[in-house]
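Taking it in order: structure first as structure tokens, then the write-up.
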Amino acid sequence: MTVETLSSHACFGGIQSFHRIASTATGTPMRFGVFTPPGPGPHPVLWCLAGLTCTEENFTVKAGAQRIAAELGLMLVMPDTSPRGEGVADSPDYDLGQSAGFYVDATQAPWAPHFRMWTHVTDELPAILAANFPAADMTRQGITGHSMGGHGALTLALRLPGRFRSVSAFAPIVAPSQVPWGHKALGTYLGADPHAWRRHDAVALIEAGARLPDLLVDQGEADAFLAEQLRPGLLEAACRAAGIPLTLRLQPGYDHGYYFVQSFIADHLRWHAARLR
């Protein structure tokens, strides 16, 4: 598959680049960003999944991750959050449709033909990275994400045991089967049967036996979505019952946005670097 480089920028001694492919998973053009740190590599890879309303540019531009990633020798990969373009189903609601792919493969009309973000992120993009970015060490991968992207990071890591040596999340949707965002998105994309949702629900996966070696989660206490949509206490209880070491940090005064992510991104990158060495 041909990778089109849209732009490339010197950044903290490395390169921040943006790319586009003709995705066979989604049947649409798909964009992604890559930060390649200085040095010949190979570099461990950290996947950075964004949330609702976002593109591949949000984490790239707003998180402030490149400086520390350059120091630590981490390659960052930032996928888009959904298929886009003419003929792709959409919704006027911010939490459904384009920019709201929820990292699932949709089974319901009109979403099923294009909304195949699980396959895009778990199969297609790793193959693209391995074939076209020789500085990427695919034997050393970690994953993180924010909000909907935190949901994606947790579910990918839980369902693909052994692929990711390190996992973290910022304000993740930990139990979509139990909150309005999840009811809406999973019900729309996967159908009305809640059993189909459980494969994309971190708490449900842990309850069913999926495990992680350990996990770092930061959550702002001033987050407007905390009580209704995010509910980190459900993840805390599930990890406690399963014996999964969870570092859950409730941060006073912080909301849901990227100022929160910026404030703690260095801690997360160091967490990943320590486990990817």
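Side-chain contact annotation: T5 with H19, donor-acceptor N/O pair under 3.5 Å present. Donor-acceptor pairing under 3.5 Å is recorded for the side chains of Q16 and Q66. With hydrogens and angles left out, the side-chain atoms of H120 and T26 include no donor and acceptor closer than 3.5 Å. For S168 and T144, the side-chain atoms include at least one donor-acceptor pair closer than 3.5 Å. Side chain to side chain, H256 and S147 meet the donor-acceptor criterion of an N or O pair below 3.5 Å. With no hydrogens or angles considered, no side-chain donor-acceptor pair links T36 and H43 at under 3.5 Å.
At least one donor-acceptor pair closer than 3.5 Å links the side chain of D255 to the backbone N or O of G257.
For an aromatic pair to be called close, the ring centres must be under 6.0 Å apart, and F102 with H200 fails this. Aromatic rings of H151 and W181 (six-membered ring for Trp) have centroids beyond the 6.0 Å cut-off, not under it. Centroid-to-centroid, the aromatic rings of W118 and Y103 stay 6.0 Å apart or farther.
For the pair P37 and M75, the minimum side-chain heavy-atom distance is below 4.5 Å. Residues F32 and L125 are in side-chain contact: their nearest non-hydrogen atoms beyond the backbone lie under 4.5 Å apart. Contact of the P83 side chain with the F115 side chain is registered, since non-hydrogen atoms from C-beta on lie closer than 4.5 Å.
Atom CZ of R199 is surrounded by 12 or fewer heavy atoms from other residues, nucleotides or ligands within 6.0 Å. Within 6.0 Å of CZ on R275 lie more than 12 heavy atoms contributed by other residues, nucleotides or ligands.
A salt bridge links D218 with R249: the distance from a Lys NZ or Arg NE/NH1/NH2 to an Asp or Glu carboxylate oxygen falls below 4.0 Å. Taking a cutoff of 4.0 Å between a charged side-chain nitrogen and a carboxylate oxygen, R198 and D201 do not qualify as a salt bridge.
Residues that satisfy the side chain to side chain contact (heavy atoms under 4.5 Å, CB included) test with T24, not counting sequence neighbours, are M1, E124.
The cluster map of Ile, Leu, Val, Met, Phe, Trp and Tyr, joined by side-chain heavy atoms under 4.5 Å apart, puts W271 and I143 in different clusters.
Through direct or indirect side-chain contacts shorter than 4.5 Å among Ile, Leu, Val, Met, Phe, Trp and Tyr, L74 is connected to F35, L46, F59, I68, L72, L76, M78, F170, Y254, Y258, F260, V261, F264, I265, L269, L276.
Closest non-hydrogen pair, T155 versus G152, comes out as OG1-O, 3.2 Å.
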- Task: In sequence, state the C-alpha distance, the side-chain angles, and the governing distance for D105 and R116, and then conclude on salt bridge (Lys or Arg N to Asp or Glu O under 4.0 Å).
- Result: CA-CA 4 Å; D105 283 354; R116 297 182 53 79; 3.6 Å; yes
- R163/T122 under side-chain hydrogen bond (donor to acceptor under 3.5 Å, both in side chains): CA gap, chis, key distance, verdict: CA-CA 10 Å; R163 179 178 295 192; T122 64; 5.2 Å; no
